[in-house]
A.B. asks: 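Handing you a structure now.
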Amino acid sequence: MGKTTGFKEFKRVVEPYRPAKERVLDFKEIYTEHDENGLSTQASRCMDCGVPFCQSNEGCPVYNLIPEWNDLVYQNRWEEAFERLIETNNFPEITGRVCPAVCEGACVLGITETPVAIKNLEAAISDKGLENGWFKAAPPTNRTGKKIAIVGSGPAGLSAAQELNFAGHTVTVYERDDRLGGLMMYGIPNMKLEKSILDFRVEIMEQEGISFFTRTDIGSDNKNSIGIEELSESNDVILLATGATQPRDLPIPNREAEGIHFAMDFLRANTKSLLDSNHKDQNYINAKDKDVIVIGGGDTGTDCIGTALRHGCKSLTNFEILPQPPVERAEDNPWPIFPKTYTVDYGHEESNELFGSDPRVFSISGKKFLKDDRGNLTGIVTVEVDNNFKEISETEKEWKADLIFLAMGFLGPEDYVVKNLQVDLDERSNYKAEHNIHVTSNPKVFAAGDCRRGQSLVVWAINEGRAAAREINNFLS
Amino acid sequence: MKRKKLLRIPLKTGLYDPAYEKDSCGVGMVANIKGIPSRQIMEDAYLVNSRMDHRGGCGFEENTGDGAGILVALPHNFCKKIAKEIGIKLPEKGSYAVGNIFLPQDEKERDFCKKEIQNIVTLEGQIFLGWRPVPVDPKKADVGPAAKLSQPVIEQLFVKSAAGIDQDEFERNLYLIRKQFSHRLRTDKNLTQASLLFACSLSSKVIVYKGMLTPTQLFPFFPDLEQKSFETHLAMVHSRFSTNTFPSWDRAQPNRYMCHNGEINTLKGNVNLISARQGVAKSELFGEKLKDLFPIAEPDSSDSGNFDNILEFLMLTGRSLQESIMMMIPEAWQSNTIMNQKKRAFYEYSSSLMEPWDGPASIVFTDGNYIGAVLDRNGLRPSRYYVTKDDKVIMASEVGVLPVDPENVLMKGRLQPGKMFLIDFEEGRMVPDEEIKEKIYKANPYQKWIKEQIVPLEEIVDNKESNPRIADDLISRMQAFGYTVETMQFMLLPIVRELRDPLGSMGNDAALACLSDKPRLIFDYFKQLFAQVTNPAIDSIREEVIMSLECLIGPEGNLLSCLPENAHRLRVKNPIISDAELESLQKIDSHGWKTKTIDITYQKGDGDKKDMLSALDRICQESEQAIEQGFSFVVLSDKKLGPKRIAISSLLACSSVHHHLIRKEKRTRIGIIVETGEAREVHHHCLLIGYGADAINPYLAFESLWQARQDGLLDQISFDEMVQAYKKGVAKGILKVMAKMGISTLQSYKGAQIFEAVGLADEIIEKCFPGTASRVQGVNFDILVNEMERRHELGFPKTNLNNVKVLPNPGDFHWRQGGDSHMWDPETISDLQEAARKNNEDSYWKFANYANKQTTKESTLRGLLKFKYSKTPVELSEVESEKEIVKRFATGAMSLGSISTEAHESLAIAMNKIGGKSNTGEGGEDPIRYKALEGGISKRSAIKQVASGRFGVTMWYLTNSDELQIKIAQGAKPGEGGELPGRKVDDYIAKIRYSTPGVGLISPPPHHDIYSIEDIAQLIHDLKNANREARISVKLVSEIGVGTIAAGVVKAKTDHLVICGHDGGTGASPLTSIKHAGLPWELGIAETHQTLVMNNLRSRVVLQTDGQIKTGRDIAIATLLGAEEYGFATAPLITLGCIMMRKCHLNTCPVGIATQDKELRKKFEGDPEHVINYLFMVAKELRMIMAKLGFRTVNEMVGRVDCLEVDQAIDHWKREGLDFSSILHPAEIIFDNTEVFHTQDQDHGLEKALDHELIKQSKNAIEKAEKVHIDLPVKNINRVVGTMLSNEVSKVWEDKGLPEDTINIKLNGSAGQSLASWLAKGITITLEGDANDYVGKGLSGGKLIVYPPKKSSFKPEENILIGNVALYGATGGEAYFRGVAAERFCVRNSGAKVVIEGIGDHGCEYMTGGRAVILGPVGRNFGAGMSGGMAYVYDPEDNLEQLCNLDTFELEKLEVKEDIDELKLLIENHSTYTDSAVAKKILKDWKRELNLFKKVMPTDYKRVLQEELRKEKKVG
């Protein structure tokens, strides 16, 4: 274990991001260099709990062996920490950057103190792995001859691909977009996850013997498409890992006004243009000098804020229908459940730095968009709502806006993929399959990730990918 | 209900097994030193035995005793007379024999037996004279119905010696005759009453009369004994206290040559090896006839019976009685540096032939020519004697059993540990121990023999420096042998770093191995057994002087010869051997020794068990062949493990070989050495040794540790240093495990199989571990092989998927996601906290359903049971209310110290509010808490625990209790004392415990006043006297045989009994104990209920159980199995915020519960209401189950196992073979009017107490503090004098007591046990005479003065005055003794000031306060573990230092004025009070004499005193 009394001696210190004013000028990662000694001290705060809640169902979804690697970092045994880390987590270099760290919410030290800085430690261990070449391809020693097609290259698809390949099966991954990684590629902006990391990961997986096809939209009418029946015939198993990509809309008057975009459209175009041409092709929705409103207070909303700020928007406002969360855990939100408390994310901080105030407005709901006679968006009328989302009368307010991004979550997978495949959907329009079983109504079709469980976190997708792989392996052997 | 006819102990039924019956007793003897027979000796003997009535036992029938008997010299005149009556003319004395024979009641069977016996007499060439029915008078003796029912017909057999043989040869013939007819008839399948046949004795020298009687019934029952002409020069008497009430005439003692107060702990190993030695035994005296004596050890005999068998065998094959005894019960010679070297050599030589019969013992033995007695090496039984001026010697477990005129007393003595007491009738004198032994050790040049013959292991090791090596596939092999992250983190690294078995906390809540989904090592299926009640655990830390790991290994010689070659064996000091040592042994080709290495791996196949089984057979065959091929050692090696070779578990291989060779009677011809990658923990090594290994080389542990050291996890020590550290740590752990069972030498522990299996099927037990209990059956070879192969797969996997380069962490100690199931996991903890904090029933149901249906199911036996709901359920409203049910709840014994004040008080408040009971634990209680607060809130714990450390056990503490709980054992670490690490002992805790701040406290494993069943009866009696209103409770831990122990404890008059499961436990404890000691409560409570009902004792006691009880379902099952009260510990702590950190031992509990850290305690957020909310919801759940089962009250539900069945719906690869039939066996009713739950109170016999008189005469003192003087005679049957009076004083005057000397009591005579226990302030007891054990126990401020009768002429300072364990746990007061005390004087004294003139071994052990002035010699191991207070020892011979255990203190000169003044004052007091000549002599020349004193100053105490001084200065 770490240091017996570490948690008493040391306070939680989280690695800072680059200064907001500086980082907002580029799309490079917001993180600073790791401080090894500082991290070792932070790791020593881990109490090596008899029942580590960081591993519980309220904690890390891939059940990272957090107490183990905390101890190893405390002892400066980074490479072993790395070995421990990759035992449970296929892509720690990614989760260390993008995970909201549910583990920290469940950390036992959080009951009476601030939790251990687990996320920083994970990121640092994997970054050390990147620096020192510890990430190595591990091709299987023998092949089973079984073939598996995976539809979608997001975290669920990729983690399943890697596990199944380890087991000796022949795996092919199909991605409809031009780059691999799904939401990790185009959903998460570069400042949170440098895309070369993803490319490196794919490179390793290719060395391990996994085949990837991009721009291959299974089941669609596109020209590169492969029919699902064909895929089914040529493989022993199909794994659906298509994600939940149908965005939730805001069907209020004037929705058709020019300047209202789904968040993903905004983010995807931005990253693609960045990667293709460093934004020189202008092929993206530019928020420069615009009054921007982001609707939706989740991570995607924040990413829209961060991106718009980097474009140089004129003003920025963020609507959230929920009330402002409390600073401390509420009665109905006890430990070890993930804390719903008021936090300041990178986008909020940056906005505050630039404009002098937090961009968030809580308990608010859009009533109608406003547009000029050319059909361009000019603003939105809102109304305040109570805790049950009931409108409060005489609270209507008009906001000026040139661009509005809808970041209100996703509904489910796009169902064209499985047409003709007898795959049932559940009541939320996801592929119907049980967690940790993953087989759909079609015995050779499995589903994992957001397309099965609904919109969720990258770590949950990895959890699903691994679990589906285990089940598929059992099914095949 | 109809009762069953019962002839003998019932057979094994349900969980009851007669094999676990225990007994203990009073022994005594009276003899005329000159060998002159007289009637008086008979009369005296009768009185001696009768006056020890309180040491014997009786069951529910007052007139059915557990057994009493007498052994006397064959009374020639009497025999002549009776022989004449049946028409026989006896030849001269010595050439005929008479024996009392128990015969079947059935006439036909009896006649058959008698004829057979006559035949055998004739066949052996002796002359059959006749039979005489022994007159018996059960009516006059008022023998109880149960005894009468099973009474055999008793007849005397008369045999005449053949012409021309001497008496010795005649005795040998009688031995042959008796052995043959006993063996033949007792095993005769045609006889329905074969078990009744028994020869009490058959000898030309002595005769035994005995039966299932009370001591007072003995003479009236046998009119022979009352005949005037019945004269003897010696008489040995015995009264038995058995744990059972079942009839057993033959188990009464004396045996044929000895009687025994004690218990042989190592019996199984001793008997196994004796039978193995039959194969090589050769006797010149018996020649070919020797085989007719086999089996040497009579089957289904008691431990004492077997001891007698072997003693007889050794004696009649040519050794003297004295030498035989010395071989069987040697002194603790191994670590005795001051022992005579020749004597030491004799003992070492004997150890090459036989292992000690280890256990507490006071043995009296005789062959007619000599009578003698001996105590075990540690002096665990009392034995006192008087020698009178008219040549009489009287010896007994107590003094005062026979009135002797003080003027007639020549000397008063006691048996000392390992010392022999002997009367030689021919020479007519008492022979001193040294003389007896000198004669024996000088008989042969033993020193020369052992020097020439014994080869120390060190001598054959050529390359002392080991080569550390780490092979590339280390991780793979570690994985294949089941190593985990935890193995390294919690076990191996701490062993090397801390040189001890590592600590953990919060008990064990993980799945039993037989329920675990993980492939578990076979070691995990075994649970260590431990001593409780009938037998003390040993303090292996403070009494290390009597412990030893040294063994001689390799081929043994002929037990019956006395030749130098017998000692030609290898001496191994530590059973764990290094790589270099093993290598040398493997290569050896000298000393006539060769070693064969046998591969214990097998080729990986298709996973069928036959591959493994045939390999196992091959290993056994090869081992046997090795003997024939002349090899002296076999090494069972799993080194060949690899991708294609799977290792058979080393334990399976070792035990199979060991037992195979025992069966073939060849075991003693070879040494078994195990070279294994598997064994690494203390538990593993203990198991291997317990099943026959002579030495173990855990090579993979060394290799892994060396790798860890390369990784920087250990200091930069050399490989050899690391190996030494590991060996040392493991050795300490093994000693502790042995000590738990009361075994002090590894030689005796070896092969003793002190384990119970949980979850192994008979096919495994029979083949590999015969004689081991496995009560629920379980996994078979198929599963075992599957587990081995799965483990192998981890190291050498088929695909990359499983190819992990790091060790797995299956979460055995700490919970891990996907690891082994734990009952406390994130779900249970968080849901329970939510339920309790918010009184939220939904959360409770979430918690309870999950716990009941998942975690409990995956982890415990009860998880596999289900209820058989009634077809006629009752309405919930008709069921006993929750308010009533919660009164049956108690919280666990968690001491203040182990948990914080905040947590401790919250529990007390909660339990007081609901009418349940909280428990102080063993750490005492702050008296402030005795006063109720406003609003009826009380922080007083209703249960006051009395544990072995006796922390803060004062009269005031005892007075403030509703229940007094004697903690014999606790679930997390049965057989050990509580451990409170030094960092948790702050000033406040130290004050309450009367100890020294900063000094860790490890309570002694035994209560030093409970070494036997009769001792616990005494302590129960003591406590009942201390507080008549409180019920007395005894806390035991589940293990096989706990039911019979419980029966004994109920016969010892406990009001309440707790049977704990192995799995509970909160504070710190060695991990080995947490994980591997004790059994589930399901087995314990069911066995106890079944046994108590069978004995008709159940109705006299309240039965409670605890151990990971958390839901209403748990308590419903507990009730159906027999419990009526329930303890909760972990769950209430969780409601108060505990999150199972398992850091209690580190004082870093982050939620302020198990810590004394002031900062962390601030974080405590618990509230008594949380506990209450939870307990009410538990009660509600129980009520709902009761309603469905159709019960309205808990009482009617007790023991209704018919409402339970095995849940067939659970299918699991491991669980199929589990068999619950013995647990679900309904308790059998044998006796009329048996009731099955608590319905009646015990009769404590308090009305006999002398204290009623004292209280009457002290009325004015108690009420008005007026001075009173009382003068009374006292006898040994007046026990606990002064305690009830102290209780009365305390009730009025609280802890302040009365002014000094307010109540003055003068007693004359021999006081019974526990004189002046917890004597309160203001009472002075002066005794003229002597006293027994436990004088001044717990002295609480009173004053005690004892001196010998003024009329006696012996020198008081040379004679024994008081018994064992005086002033144990005294907290204050003064005591002056003019004379010598026996063993363990002032153990755990924490406040009394005492003066005495000489003491026995282990004096001032573990003392933490007060003053001890010793004006005479001290025994060995003085001051062991002393951490507070001071002792001043008069040491004119200047030899104190070599008698001291200097671990914790230093000897200083007396220089400080305060010390000198204090010493002088105490000696002056002593002189004034006792008229001591020694004191007067010292005071007379004070200046000079002062220089002869040494001050014993504990290092820690000194530190604290200095700190205080510094603080004072600062303030000043």
Side-chain angles (χ1 to χ4, degrees), chain A residues 1 3-8 47-65 67-68 71-72 75-77 80 82-84 86-88 106 108-109 111-113 138-142 144 163-169 208 331-332 334-337 469-470 473 477, chain B residues 475 485-486 489-490 504-506 509 711-713 797-809 811 813-819 822 824-830 833-834 837-838 843 983 1134 1137-1144 1146-1152 1157 1159-1160 1162-1165:
Chain A
M1 61 170 294
K3 193 173 181 202
T4 318
T5 51
F7 73 98
K8 279 178 66 191
M47 303 190 290
D48 187 28
C49 301
V51 180
F53 278 72
C54 51
Q55 285 217 331
S56 71
N57 292 337
E58 301 296 340
C60 176
V62 290
Y63 314 128
N64 272 342
L65 297 163
E68 275 89 335
D71 185 36
L72 291 164
Q75 298 171 28
N76 277 312
R77 294 162 66 199
E80 279 165 88
F82 174 81
E83 291 288 347
R84 276 284 158 218
I86 61 169
E87 200 187 323
T88 57
V108 174
L109 189 48
I111 300 173
T112 54
E113 283 278 343
T141 39
N142 45 1
T144 61
E163 292 294 299
L164 288 165
N165 188 58
F166 281 150
H169 307 303
E208 285 169 343
E331 268 286 285
D332 59 354
W335 173 87
I337 300 169
R470 184 191 64 223
N473 187 42
S477 51
Chain B
I475 284 281
V485 172
E486 294 186 326
Q489 184 187 351
F490 292 122
S505 39
M506 292 309 288
D509 64 336
D711 294 340
L713 292 173
K798 290 186 204 97
T799 69
N800 261 15
L801 190 61
N802 302 324
N803 193 0
V804 183
K805 275 179 263 169
V806 288
L807 293 177
N809 190 349
F813 297 111
H814 285 187
W815 175 87
R816 283 293 181 270
Q817 181 73 249
H822 283 253
W824 292 111
D825 68 1
E827 273 71 26
T828 41
I829 294 172
S830 53
Q833 291 189 340
E834 183 72 3
R837 282 183 188 149
K838 305 209 178 114
S843 298
R983 53 196 146 208
I1134 288 186
C1138 166
I1139 23 74
M1140 294 296 285
M1141 201 65 206
R1142 295 186 190 276
K1143 294 285 178 292
C1144 317
L1146 298 175
N1147 201 25
T1148 57
C1149 176
V1151 289
D1157 182 307
E1159 287 308 306
L1160 295 175
K1162 285 184 195 152
K1163 297 181 189 295
F1164 179 77
E1165 285 185 355

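What you see below is based on every heavy atom in this structure, not just the backbone, and it leaves out hydrogens, waters and symmetry mates.
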A.B. asks: Quick one: what part of Asn1147(B) sits under 4.5 Å from any heavy atom of chain A, side chain, backbone, both or neither?
C.D. replies: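 When you check distances to chain A, no heavy atom of Asn1147(B) falls under 4.5 Å.
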
A.B. asks: Do any N or O atoms from the side chain of Gln75(A) and from the backbone of Leu713(B) form a donor-acceptor pair under 3.5 angstrom?
C.D. replies: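 The answer is no, because no donor-acceptor pair under 3.5 Å joins these two groups.
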
A.B. asks: Heavy atoms, side chains only, cut-off 4.5 Å: are Cys49(A) and Lys1143(B) in contact?
C.D. replies: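 No. Closest side-chain heavy atoms not under 4.5 Å.
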
A.B. asks: Output the option from Glu83(A), Glu58(A), Glu80(A) having the highest count of non-hydrogen pairs under 4.5 Å with chain B.
C.D. replies: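 Option with the top pair count is Glu83(A).
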
A.B. asks: May I have the step-by-step check of salt bridge (Lys or Arg N to Asp or Glu O under 4.0 Å) for Arg1142(B) and Asp509(B), ending in yes or no?
C.D. replies: CA-CA 11 Å; Arg1142(B) 295 186 190 276; Asp509(B) 64 336; 2.5 Å; yes

A.B. asks: Gln833(B), Glu827(B), Met506(B), Gln817(B): which one forms the most heavy-atom pairs within less than 4.5 Å of chain A?
C.D. replies: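 Of the options given, most contacts go to Gln817(B).
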
A.B. asks: Given heavy-atom pairs under 4.5 angstrom as the criterion, report whether the side chain, backbone, both or neither of Arg837(B) touches chain A.
C.D. replies: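 For Arg837(B), neither part sits under 4.5 Å from chain A.
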
A.B. asks: Kindly compute the distance separating OG1 (Thr88(A)) from OH (Tyr63(A)), expressed to the nearest 0.5 Å.
C.D. replies: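 Reported value, rounded in 0.5 Å steps: 11.0 Å.
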
A.B. asks: CG of Asn473(A) to CZ of Phe166(A): how many Å apart, nearest 0.5 Å?
C.D. replies: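 Rounded to the nearest 0.5 Å, the CG-CZ separation comes to 13.0 Å.
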
A.B. asks: With a 4.5 angstrom heavy-atom cut-off, is it the side chain or the backbone of Glu834(B) that approaches chain A, or both, or neither?
C.D. replies: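 For Glu834(B), the side chain is the part near chain A, not the backbone.
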
A.B. asks: Does any backbone or side-chain atom of Gln55(A) lie under 4.5 Å from a heavy atom of chain B? Answer side chain, backbone, both or neither.
C.D. replies: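 Both parts, backbone and side chain.
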
A.B. asks: If you count heavy-atom pairs under 4.5 Å between each of Glu68(A), Arg470(A), Glu87(A) and chain B, which one has the most?
C.D. replies: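 Among Glu68(A), Arg470(A), Glu87(A), the one with the most close pairs to chain B is Glu68(A).
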
A.B. asks: If you count heavy-atom pairs within less than 4.5 Å of chain A, which of Met1141(B), Lys838(B), His822(B), Glu1159(B) leads?
C.D. replies: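 Max contact count across the listed options: Met1141(B).
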
A.B. asks: By a 4.5 Å heavy-atom criterion (distance strictly below it), what part of Pro334(A) contacts chain B: side chain, backbone, both, or neither?
C.D. replies: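 For Pro334(A), side-chain heavy atoms alone lie under 4.5 Å from chain B.
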
A.B. asks: Would you say the side-chain atoms of Thr112(A) pair up with the backbone N or O of Val1151(B), donor to acceptor, closer than 3.5 Å?
C.D. replies: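 It does not hold such a pair.
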
A.B. asks: Once the angle between the rings of Trp335(A) and Phe53(A) is folded into 0 to 90°, is it parallel (under 30°), tilted (30 to 60°) or perpendicular (over 60°)?
C.D. replies: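 Taking Phe53(A) first and then Trp335(A), their aromatic rings sit tilted (interplane angle of 30° to 60°).
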
A.B. asks: Is a side-chain donor-acceptor pair under 3.5 Å present for Asn809(B) with Gln489(B)?
C.D. replies: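 Not at all, the side chains of Gln489(B) and Asn809(B) share no donor-acceptor pair under 3.5 Å.
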
A.B. asks: Can you tell which part of Val51(A) gets under 4.5 Å to a heavy atom of chain B, answering side chain, backbone, both or neither?
C.D. replies: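 Contact with chain B is through both the backbone and side chain of Val51(A).
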
A.B. asks: Is Glu113(A) close to chain B through its backbone or its side chain, or both, or neither, when contacts mean heavy atoms under 4.5 Å?
C.D. replies: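 For Glu113(A), side-chain heavy atoms alone lie under 4.5 Å from chain B.
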
